[in-house]
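Computed from a prediction, not measured in an experiment: that's the story for all the values here. Heads up: numbering here begins at 1 and tracks the sequence.
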Amino acid sequence: RQEGDIEEFVIILQDNGKISEFEVVLNLQSGEKIYVSMSAKLYPEEGYIEGVVTDITERQKAEEAYHKELDINTTLIESSPAFYIALEPDGKIRMMNNMLLQALGVSSQEVIGKDFMTFVPEREHDLLMKRFEDLLKGNALSSGENYLKTKDGNEILTEWRNKFIY
């Protein structure tokens, strides 16, 4: 999927002899803006171009709405004073919000992809693993408390609520 303007579409078509799913914004005479995806193949010997133009305006609007919602949700999570963490089904960290990162004294680059148990004192591993496995089965507790280890070796008591999303 490529994006650009009509002139760029023509240049790529002339250079390559074909182009697929090139997205362009068109301004109609009515003032309306529409989004289209264009694919074409050039037949220079025969003197014609074969192509398809598909109106993707609704899809584009849906994508824009999705990204706007995602931005709002990300801003809410990142600016919240609460701790947020997302774990993959294998227990690897998918994301931590800024408040939790600061409390643990780590950066997102240091935690993404790491096993969450890295931040749990060993004495609580068994209990937390059981709770996590229960969560994956759909019959987990909705809240609890446990300690987390900070980068400098201190421990902080956290109260949590969980929600299985996938």
Side-chain angles (χ1 to χ4, degrees), residues 1-5 8-9 20-28 30-39 53-166:
R1 181 170 139 180
Q2 303 173 48
E3 295 180 19
D5 57 28
E8 191 176 352
F9 173 83
S20 296
E21 298 182 23
F22 189 88
E23 296 182 6
V24 178
V25 178
L26 300 177
N27 295 307
L28 304 180
S30 65
E32 181 184 5
K33 189 186 294 188
I34 65 168
Y35 299 85
V36 297
S37 175
M38 303 187 309
S39 297
V53 177
T54 306
D55 185 343
I56 59 168
T57 304
E58 291 305 313
R59 184 190 83 194
Q60 188 68 27
K61 287 179 181 178
E63 285 179 12
E64 288 171 3
Y66 166 78
H67 287 291
K68 184 177 179 180
E69 188 70 25
L70 186 61
D71 289 345
I72 290 169
N73 290 333
T74 300
T75 300
L76 288 172
I77 289 170
E78 288 302 331
S79 63
S80 173
F83 295 165
Y84 283 91
I85 185 169
L87 302 177
E88 298 291 348
D90 63 359
K92 301 279 191 278
I93 298 168
R94 182 176 182 159
M95 67 77 62
M96 276 187 188
N97 73 333
N98 288 329
M99 189 59 74
L100 182 52
L101 291 169
Q102 288 173 10
L104 295 177
V106 294
S107 69
S108 62
Q109 293 85 356
E110 293 175 280
V111 300
I112 302 303
K114 275 196 171 179
D115 191 319
F116 176 66
M117 289 300 176
T118 304
F119 299 96
V120 176
E122 202 165 313
R123 68 182 180 278
E124 295 190 353
H125 277 205
D126 290 341
L127 176 62
L128 218 53
M129 279 303 296
K130 170 90 172 84
R131 288 181 175 168
F132 186 67
E133 288 167 2
D134 287 345
L135 174 65
L136 293 176
K137 293 175 187 171
N139 37 323
L141 297 172
S142 60
S143 64
E145 288 184 352
N146 69 274
Y147 285 90
L148 293 178
K149 295 186 301 188
T150 64
K151 187 175 184 175
D152 62 12
N154 292 322
E155 293 183 4
I156 55 174
L157 180 61
T158 60
E159 179 182 352
W160 51 263
R161 312 268 184 283
N162 64 30
K163 173 85 174 142
F164 183 72
I165 296 175
Y166 292 99

Legend entry - Step-by-step side chain to side chain contact (heavy atoms under 4.5 Å, CB included) determination, V36 to T54: CA-CA 5 Å; V36 297; T54 306; over 6 Å; no
Distance-only donor-acceptor hits, side chain of residues 68-75, under 3.5 Å, sequence neighbours excluded:
residue : atom : partner : partner atom : Å
N73     : ND2  : E69     : O            : 3.4
T74     : OG1  : L70     : O            : 2.8
T75     : OG1  : D71     : O            : 2.9

Legend entry - Residue pair S37 / E21: nearest heavy atoms and the distance that separates them: OG-CA, 3.4 Å
Inset, instruction - Quick one: closest heavy-atom pair of I156 and A103, and the distance? - result: CD1-CB, 3.9 Å
Legend entry - Any donor-acceptor pair under 3.5 Å from E78 side chain to N98 backbone: yes
Inset, instruction - Could you grab the distance from atom CD of E159 to atom CG of N146, nearest 0.5 Å is fine? - result: 11.0 Å
Legend entry - Distance in Å, K114 NZ paired with F119 CZ, rounded so as to fall on 0.5 Å steps: 5.5 Å
Inset, instruction - Return yes if some donor-acceptor pair links the side-chain N/O of D55 with the main-chain N/O of I34 below 3.5 Å, else return no. - result: no
Inset, instruction - Identify the heavy atoms of R131 and E145 that sit nearest to each other, and give their distance. - result: NH1-O, 3.9 Å
Inset, instruction - Verify the neighbour count for atom NZ of K92: are there more than 12 heavy atoms of other residues, nucleotides or ligands below 6.0 Å? - result: yes
Inset, instruction - Mark yes or no for whether S20, through its side chain, and S39, through its backbone, hold a donor-acceptor pair below 3.5 Å. - result: no
Inset, instruction - Please confirm whether the backbone N or O of D115 pairs with a side-chain atom of T118, one donor and one acceptor, at under 3.5 Å? - result: yes
Legend entry - M117: which of H125, E124, K149 passes side chain to side chain contact (heavy atoms under 4.5 Å, CB included): H125
Inset, instruction - Ignoring hydrogens and angles, state whether a donor on the side chain of Y35 or E63 is under 3.5 Å from an acceptor on the partner side chain. - result: no
Inset, instruction - With the side chain counted from C-beta on, respond yes when V25 and Q60 share a heavy-atom pair under 4.5 Å apart, and no when they do not. - result: no
Legend entry - Minimal non-hydrogen separation, L100 against Y84, with atom names: CD2-O, 3.9 Å
Inset, instruction - Let me see the working for D126 and K130 under salt bridge (charged side-chain N to carboxylate O under 4.0 Å, His left out), right down to the final yes or no. - result: CA-CA 6 Å; D126 290 341; K130 170 90 172 84; over 6 Å; no
Inset, instruction - Return the minimal non-hydrogen interatomic distance between M99 and S80, and the atom names on each side. - result: CB-O, 3.6 Å
Legend entry - Distance-minimising heavy-atom pair for F116 and L87: CB-CD2, 3.7 Å
Inset, instruction - Please round to the nearest 0.5 Å and tell me the distance separating atom CE of M95 and atom CD1 of I85. - result: 8.5 Å
Inset, instruction - Supply the atom-to-atom distance E23 CD to F9 CZ, rounded to the nearest 0.5 angstrom. - result: 12.5 Å
Inset, instruction - Flag yes if more than 12 heavy atoms outside Y147 fall under 6.0 Å of its OH atom; otherwise flag no. - result: no
Legend entry - Any donor-acceptor pair under 3.5 Å from E110 side chain to S107 backbone: yes
Inset, instruction - State the CG-CD distance between L128 and E133, to the nearest 0.5 angstrom. - result: 10.5 Å
Legend entry - Between CD1 on residue I77 and CZ on residue F83, distance to nearest 0.5 Å: 15.0 Å
